[in-house]
Amino acid sequence: MDFALLLEVLLSVPKTLLFNFKNFPLKQALRFPVLVNRRTKIKSMSGEIVLPETIMFGLVKIGFSGSYNLGGKNYFENRGKIIINGKATFSRGIQLIVGEKGCLVNNPG
């Protein structure tokens, strides 16, 4: 891991803590399955996020890789259901919006 990425992860710890403890039970949240970049605007976390049985650190990354040309601000809004079945990376510039009756399923190949 290069220094710039390590610095970005460290600066993103407060938002990552908030995200994990708001969305998951304590036992799951302590493993920090979701890393959230500090530049991610979180509008809503009222929806549900379902993780696989095997949870590991950084299973899902929001806003940490990809092209800077996509924009510097990431946007997250979950009012529906997100089902994670394996590793997932939502790159820089992502606008991830799941509506009230919406469902996003990650099925890695």
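In what follows, every heavy atom counts, from backbone to side chain, and hydrogens, waters and symmetry copies are set aside.
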Determine the minimum heavy-atom distance between Asn106 and Ala88, stating which atoms define it. ND2-CB, 3.3 Å
As a test of understanding, state which of Glu48, Lys43, Lys101 forms a side-chain contact (heavy atoms from CB on, under 4.5 Å) with Arg79. Lys43
For Arg31, the side chain to side chain donor-acceptor pair (under 3.5 Å) test, sequence neighbours excluded, returns none
Under 4.5 Å between any side-chain heavy atoms of Leu59 and Phe32, yes or no? no
Main-chain N/O of Gly93 paired with Asn74 side-chain donor or acceptor, under 3.5 Å: yes
Any side-chain heavy atom of Ser44 within less than 4.5 Å of one from Asn78? no
List the residues meeting side chain to side chain contact (heavy atoms under 4.5 Å, CB included) with Asn23, not counting sequence neighbours, and say none if there are none. Phe19, Met45, Ile49
Is the closest side-chain heavy-atom distance between Glu77 and Lys41 below 4.5 Å? no
Between the main-chain N or O of Ser91 and the side-chain N or O of Thr89, is there a donor-acceptor pair closer than 3.5 Å? no
Side-chain donor/acceptor of Asn20 to backbone N/O of Ala29, under 3.5 Å: no
Does Leu104 belong to the same Ile/Leu/Val/Met/Phe/Trp/Tyr cluster as Val50, with side-chain heavy atoms less than 4.5 Å apart forming each link? no
Who pairs with Arg38 by side chain to side chain contact (heavy atoms under 4.5 Å, CB included), at least two apart in sequence or on another chain? Glu8, Leu11, Ser12
Do Tyr75 and Thr40 have side-chain heavy atoms sitting under 4.5 Å apart? no
Is there side-chain contact between Pro33 and Phe24, with at least one heavy-atom pair below 4.5 Å? yes
Do Ile42 and Val36 touch side chain to side chain, with heavy atoms closer than 4.5 Å? yes
Leu17 and Val13: side-chain contact (heavy atoms from CB on, under 4.5 Å), yes or no, with the steps? CA-CA 6 Å; Leu17 285 169; Val13 166; 3.8 Å; yes
Just so I know, are the side chains of Phe76 and Val98 near enough to count as touching, which here means a heavy-atom distance under 4.5 Å? no
Within the 4.5 Å heavy-atom criterion, are Val105 and Ile84 side-chain neighbours or not? no
Does Phe21 belong to the same Ile/Leu/Val/Met/Phe/Trp/Tyr cluster as Leu35, with side-chain heavy atoms less than 4.5 Å apart forming each link? yes
